[in-house]
Amino acid sequence: VLIFQWISLGGKISGVLWTMEILFWGALLAAGLALFSTKKRWYMPFLYLLISYPMEHFFHYNFNIILGVILADLFYYDRIGQYVDFFRSKKLDLSFVKGRKFRNICGSLIVLMGLLIASYPYAAIPTNPVHIFFMKAFGVFFPLSSMGATHGFGVFVLCAGLLIRTENKILSSKPFEKLGNLSMGIYLQHGTIMALLEILLFEKMFAHFENYHVAVAVIFLIAFTLVLLTAWLYHKFIEKNIDRLVNKIHL
């Protein structure tokens with residue numbers, strides 16, 4: 001699967017795995033861009049955003065990859081605090097921006113806006129004015145991946161809102177923290193597992209139970225278990241080793 005789906009352009013195993021190739025090359029792009037990010041280089045998020053437009057001609061869906069790098073940069077170096085401190089040094093009173101109440105309210109509103117933008121149904125004609133606006137706007141800069149850019153931007157706004165908030169009791173709990181550690185593995189593995197279960201087991205389950213909904217429920221439970229297991233293995237044996245390698249070579 002890794003070789004023929006991610007690397008070989010002609011070796012497509014299943015239609016649901018079409019994003020794997022983008023993720024493979026996108027991961028390399030993200031790692032390369034992140035190498036140039038440091039605390040002193042406050043301008044990196046803006047530089048990343050600037051290069052996303054010309055890169056559309058070489059790598060479709062690069063905008064979503066770059067948005068992920070920007071989020072990582074903002075979080076890792078606390079850029080928002082860095083920018084606020086800069087303006088405060090210019091004798092602009094922005095102390096209210098760091099207030100807990102302001103950040104929680106503002107962050108919550110931004111999260112809701114992100115949910116609204118990202119709720120645009122895939123492969124559907126937009127009717128909501130918000131969706132129409134972003135589809136047209138991103139259609140100008142990313143004509144070949146405007147739909148993906150709209151969804152990616154919605155997720156970016158949602159995550160930015162969560163970073164702005166100072167209190168996330170549910171998301172900060174241990175179960176969600178552990179689930180967050182597995183999130184990349186879950187995203188990478190779920191498509192492969194779903195496709196293989198559809199090919200290998202679904203018809204047998206449907207014939208055995210003679211009920212479509214029961215067969216789907218059984219397949220879901222099997223897929224859910226396998227996704228969590230493979231995501232845990234991915235995190236333990238691949239992600240942690242990659243983190244050690246990145247920490248050694250970071251510029």
Side-chain angles (χ1 to χ4, degrees), residues 1-28 30 60-61 64-65 67-68 111 114-128 131 145 147-156 158-159 162 168 170-242:
V1 170
L2 295 178
I3 294 176
F4 292 103
Q5 184 66 37
W6 288 12
I7 301 176
S8 174
L9 297 179
K12 303 304 177 186
I13 297 175
S14 174
V16 300
L17 301 179
W18 67 274
T19 59
M20 292 295 102
E21 189 176 313
I22 295 173
L23 287 171
F24 177 79
W25 296 111
L28 296 179
H60 308 325
Y61 296 99
N64 291 0
I65 303 296
L67 286 179
V111 166
L115 287 171
L116 175 60
I117 298 172
S119 66
Y120 169 45
Y122 188 79
I125 298 175
T127 57
N128 185 295
H131 296 153
S145 57
M147 190 178 300
T150 301
H151 287 140
F153 181 72
V155 175
F156 173 84
L158 188 154
C159 292
L162 291 176
N168 291 295
I170 297 178
L171 295 179
S172 299
S173 62
K174 287 187 177 181
F176 273 89
E177 183 179 351
K178 292 182 179 180
L179 190 61
N181 290 334
L182 302 181
S183 60
M184 186 61 182
I186 290 173
Y187 184 71
L188 289 175
Q189 311 301 336
H190 82 277
T192 304
I193 290 174
M194 289 170 61
L196 293 177
L197 289 178
E198 178 187 4
I199 295 171
L200 299 175
L201 283 181
F202 184 74
E203 290 187 4
K204 295 179 180 179
M205 292 290 103
F206 183 56
H208 177 74
F209 292 106
E210 297 182 350
N211 185 300
Y212 175 81
H213 300 290
V214 174
V216 169
V218 173
I219 292 294
F220 171 78
L221 292 175
I222 296 174
F224 184 76
T225 303
L226 290 177
V227 166
L228 288 181
L229 176 61
T230 55
W232 177 78
L233 292 172
Y234 177 84
H235 174 68
K236 182 176 179 63
F237 295 104
I238 298 180
E239 274 191 295
K240 286 187 175 181
N241 289 322
I242 290 176

Checklist entry - Is it the case that more than 12 heavy atoms not belonging to L200 sit under 6.0 Å from its CG atom? => result yes
Closest heavy-atom pair and its distance - [X], [Y]:
{"X": "L182", "Y": "W232", "answer": "CD2-CA, 3.5 Å"}
{"X": "T225", "Y": "L221", "answer": "OG1-O, 2.9 Å"}
{"X": "G185", "Y": "A231", "answer": "C-CB, 3.6 Å"}
{"X": "V155", "Y": "A118", "answer": "N-CB, 4.1 Å"}

Next on the checklist: Checking side chain to side chain contact (heavy atoms under 4.5 Å, CB included) between I193 and each of I222, L229, I186, L226, which is the one that passes?
Outcome noted: L226
Checklist entry - How far apart are the C-alpha atoms of N128 and Y120, what are their side-chain angles, what is the distance that settles it, and do they pass the side-chain contact (heavy atoms from CB on, under 4.5 Å) test? => result CA-CA 8 Å; N128 185 295; Y120 169 45; over 6 Å; no
Item to check | Donor-acceptor pair, side chain of N64 and main chain of G148, under 3.5 angstrom | outcome: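 Side chain of N64 to backbone of G148: a pair is present.
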Quick one: [atom1] on [X] to [atom2] on [Y], what's the gap to the nearest 0.5 Å?
{"X": "I219", "Y": "K204", "atom1": "CD1", "atom2": "NZ", "result": "10.5 Å"}
{"X": "L228", "Y": "Q189", "atom1": "CG", "atom2": "CD", "result": "11.5 Å"}
{"X": "L28", "Y": "F24", "atom1": "CG", "atom2": "CZ", "result": "5.0 Å"}

Holding to side chain to side chain donor-acceptor pair (under 3.5 Å), I want the full list of residues that pass it with [X], two or more places apart in sequence or in another chain.
{"X": "S145", "value": "E56"}
{"X": "S119", "value": "H131"}
{"X": "H151", "value": "none"}

Item to check | Residues which pass side chain to side chain contact (heavy atoms under 4.5 Å, CB included) with E239, listed by chain and number, not counting sequence neighbours | outcome: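 Residues passing side chain to side chain contact (heavy atoms under 4.5 Å, CB included) with E239: M184, Y234, H235.
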Checklist entry - Partners of I242 by side chain to side chain contact (heavy atoms under 4.5 Å, CB included), sequence neighbours excluded? => result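 If we apply the side chain to side chain contact (heavy atoms under 4.5 Å, CB included) test to I242, skipping adjacent residues, the hits are I238, V246.
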Checklist entry - Would you call the rings of Y187 and H190 parallel, tilted or perpendicular if under 30° counts as parallel and over 60° as perpendicular? => result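 The rings of Y187 and H190 sit tilted, inter-plane angle from 30° to 60°.
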Under 3.5 Å, which donor-acceptor pairs link side chains of residues 208-216 to any protein atom two or more places apart or in another chain?
residue, atom, partner, partner atom, Å
N211, OD1, H213, N, 3.0
N211, OD1, V214, N, 3.1

